[in-house]
Each structure stands twice: as structure tokens, then as C-alpha cells.
Amino acid sequence: MSSSSTARTARRRTLRVAAASLVAAAGLTLTACSGSEAADAKSAGHTNSAAAESSASGWSGLQSTGAKADVKAGAAGKQSGSAHAAKGGKAASVLRTQRLADGISTAEISKLGDQHYRAKIVARGSVLATMETRGHDDGLDANDMFVTLTLDGQVHSWMGGGHQGPGTFKLAGGWTAKVTKIGELRYRAQIIGHDGVAATLETNQHDVGLDANGIYIVLSSGGVISAHE
């Protein structure tokens with residue numbers, strides 16, 4: 001086996017969580033759950049302004065997202081944050097604009113602080129949703145276009161490749177996801193590598209995302225999971 005293949009295999013066995021300086025201990029757990037008032041977008045028939053704008057722009061099912069992540073590994077503490085409805089939160093200058101995989105929408109990325117970025121998803125002049133990191137990555141399922149925003153402000157998007165949970169699915173990068181339903185618009189995905197469960201994603205009426213050492217994973221509140229390298 002070449003050194004590059006060995007390095008690649010080792011990379012895929014190790015989940016990078018940049019939320020805090022983590023102790024190298026077995027049983028890394030990352031649990032993502034909701035932390036945003038935008039929950040009503042999915043639980044009340046998509047009647048908020050972001051959903052209405054998305055329908056007018058051709059994204060008829062787009063949801064704004066929210067997530068809160070608890071990282072537990074040795075002395076690592078609790079980090080939390082949220083992605084919320086469009087036009088919310090404090091103002092920040094746009095660092096850059098990036099076109100997304102659907103060829104229609106763009107992400108306007110702003111830095112709010114250390115490992116704290118915001119990406120406004122814009123299509124045809126309308127802000128459809130806002131993603132935000134605050135100690136954790138964020139994710140979005142926008143009608144089969146999946147988007148992640150990482151702790152270092154990088155946006156990754158791709159089309160398709162989703163698996164509808166519950167179930168166990170092979171993902172990019174050699175990961176396996178075991179998706180279970182735990183409630184209404186609540187799903188949990190165990191991200192499993194060669195050494196066992198490396199991370200856990202959990203939705204609570206909001207999509208969540210993860211950068212698994214260069215493999216980008218989104219779990220939607222409807223139980224769809226997709227990953228891209």
C-alpha cells in the first residue's frame with residue numbers, strides 16, 4: 001500500500017471536529033439538535049417568509065435550518081449555535097459569494113467571529129435561508145441540493161445522493177450511517193467508521209451537517225442523509 005493510500009485510509013478513520021481542542025479518547029460523540037426559532041417552517045406547513053420566498057424562486061420545499069451541537073471528549077465543553085430564518089441576526093460584511101451546485105443559488109459568506117460564520121442562501125435576489133456556525137458545522141437539504149457550512153467558513157454543495165432513513169447506508173469516504181427515527185421530524189444518524197461509531201448527528205425539526213475530515217454529511221429533518229467528498 002502506498003503512503004498516500006495509507007494516509008487517506010487514516011484520514012477517513014478520524015473525524016475532525018474543530019469545535020474545540022479535543023482529547024484523543026475513544027467514543028467521540030457529536031450530537032446536533034435544534035436551536036432556532038425557524039422550526040415552524042417545517043412543523044407549520046412552511047408558512048414563514050423563507051419558505052414563501054423559496055416557493056416563488058423555484059425552491060418550493062426549502063427550509064431554513066437550526067442546530068445545536070454538544071461535543072463530549074475528555075475536557076471538551078458544550079458548544080452551541082443556530083442557523084435561522086433569512087434576514088435574522090447581526091449584520092456582517094460579506095467575505096465572498098459562492099455559486100452553489102444547482103447553478104441558480106449562491107451563498108453569501110460572512111465572518112462573525114472565531115469559528116463563527118454565516119452563509120445566506122440567495123436565489124433570484126431573495127434570501128431563502130441562513131446557515132450559521134458557532135462551535136459546530138451546519139447543514140441544509142434544499143430540495144435535493146445539500147449544503148454544508150464548516151467552522152472555517154467553507155461552503156460545500158452537491159446535488160442528489162440522498163438516502164431515505166430509517167436504514168443503514170454506505171456513504172462517501174468509507175463511512176456508514178445508521179439512521180433511526182426518534183420522533184416527529186427527529187432523526188438520529190450514527191456515523192460509523194472502521195473503529196466503530198465516530199459521531200452522532202441528530203435533527204430536531206432542523207437539518208444538520210458535519211465535516212467528517214473532508215467528507216461532508218447532511219442529515220435532514222425528514223431523515224434523508226447524503227455525503228459528498
Side-chain angles (χ1 to χ4, degrees), residues 16-20 32 34-42 46 48-69 79-159 203 206-221 226-229:
R16 175 175 65 78
V17 180
S34 72
S36 168
E37 70 277 13
D40 292 340
K42 290 188 176 180
H46 319 310
N48 66 4
S49 60
E53 289 173 350
S54 70
S55 180
S57 302
W59 281 13
S60 58
L62 175 64
Q63 305 305 315
S64 53
T65 65
K68 180 170 62 180
Q79 304 291 336
S80 66
S82 66
H84 46 80
K87 304 177 184 178
K90 60 185 177 181
S93 59
V94 176
L95 291 177
R96 68 182 188 280
T97 299
Q98 178 177 328
R99 186 165 295 279
L100 300 181
D102 63 356
I104 299 172
S105 54
T106 59
E108 296 181 354
I109 303 153
S110 305
K111 184 172 183 178
L112 305 181
D114 186 29
Q115 295 188 338
H116 188 183
Y117 288 84
R118 177 178 296 147
K120 291 185 178 181
I121 309 302
V122 180
R124 299 187 178 97
S126 296
V127 178
L128 305 179
T130 301
M131 304 174 67
E132 188 171 325
T133 70
R134 190 180 298 164
H136 63 85
D137 306 320
D138 199 7
L140 173 69
D141 176 3
N143 282 353
D144 210 34
M145 180 179 74
F146 299 92
V147 186
T148 60
L149 175 64
T150 65
L151 284 167
D152 58 359
Q154 300 302 308
V155 169
H156 300 267
S157 65
W158 65 96
M159 299 297 297
T203 72
H206 301 284
D207 307 336
V208 291
L210 177 67
D211 174 4
N213 228 20
I215 305 300
Y216 305 99
I217 304 172
V218 171
L219 175 65
S220 80
S221 63
S226 182
H228 191 262
E229 187 170 3

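Note: hydrogens, waters and symmetry copies are ignored here, and every other heavy atom, side chains too, is used.
In this structure, T148 and V155 have side chains that are not in contact, with every pair of non-hydrogen atoms separated by 4.5 Å or more. Contact of the T106 side chain with the Q98 side chain is not registered, since no non-hydrogen atoms from C-beta on lie closer than 4.5 Å. Using a 4.5 Å heavy-atom threshold, the side chains of Y117 and L95 count as touching.
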- prompt: Should H116 and E132 be marked as a side chain to side chain donor-acceptor pair (under 3.5 Å) after you check the CA-CA gap, both sets of side-chain angles, and the distance that decides it?
  reply: CA-CA 7 Å; H116 188 183; E132 188 171 325; 2.6 Å; yes

field: side-chain contact (heavy atoms from CB on, under 4.5 Å) evaluation trace for I121 with L100
entry: CA-CA 9 Å; I121 309 302; L100 300 181; 4.0 Å; yes

query: Can you list the steps and then say if W158 with V218 is a side-chain contact (heavy atoms from CB on, under 4.5 Å)?
result: CA-CA 11 Å; W158 65 96; V218 171; 3.9 Å; yes

task: Test V208 against D137 for side-chain contact (heavy atoms from CB on, under 4.5 Å), laying out the working first.
output: CA-CA 8 Å; V208 291; D137 306 320; over 6 Å; no

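Between the side chain of S157 and the backbone N or O of A101, at least one donor-acceptor pair lies under 3.5 Å. Under the 3.5 Å distance criterion, the side-chain polar atoms of Q115 are left unmatched by any main-chain donor or acceptor of R134. S221 places no side-chain N or O within donor-acceptor distance of the main-chain N or O of D207, the cut-off being under 3.5 Å.
Y216 has its ring centre less than 6.0 Å from the ring centre of H156.
Nearest heavy atom pair, residue G153 against residue I109, reads O-CG2, 3.7 Å. The two atoms that bring I217 and A212 nearest to each other are CD1-CB, 4.0 Å, heavy atoms only.
To the nearest 0.5 Å, atom CG of residue L128 and atom CG of residue N143 are 10.5 Å apart. One finds the CD atom of E108 at 9.5 Å from the OG1 atom of T130 (value rounded to the nearest 0.5 Å). We find the CG-OG distance between L112 and S93 to be 9.5 Å, quoted to the nearest 0.5 Å. We find the CG-CE distance between L149 and M131 to be 5.5 Å, quoted to the nearest 0.5 Å. Interatomic distance, OG1 of T97 versus NZ of K120, reported as 11.0 Å (0.5 Å rounding). Taking CZ of R118 as the reference point, atom CG of D138 lies at 11.5 Å (rounded to 0.5 Å).
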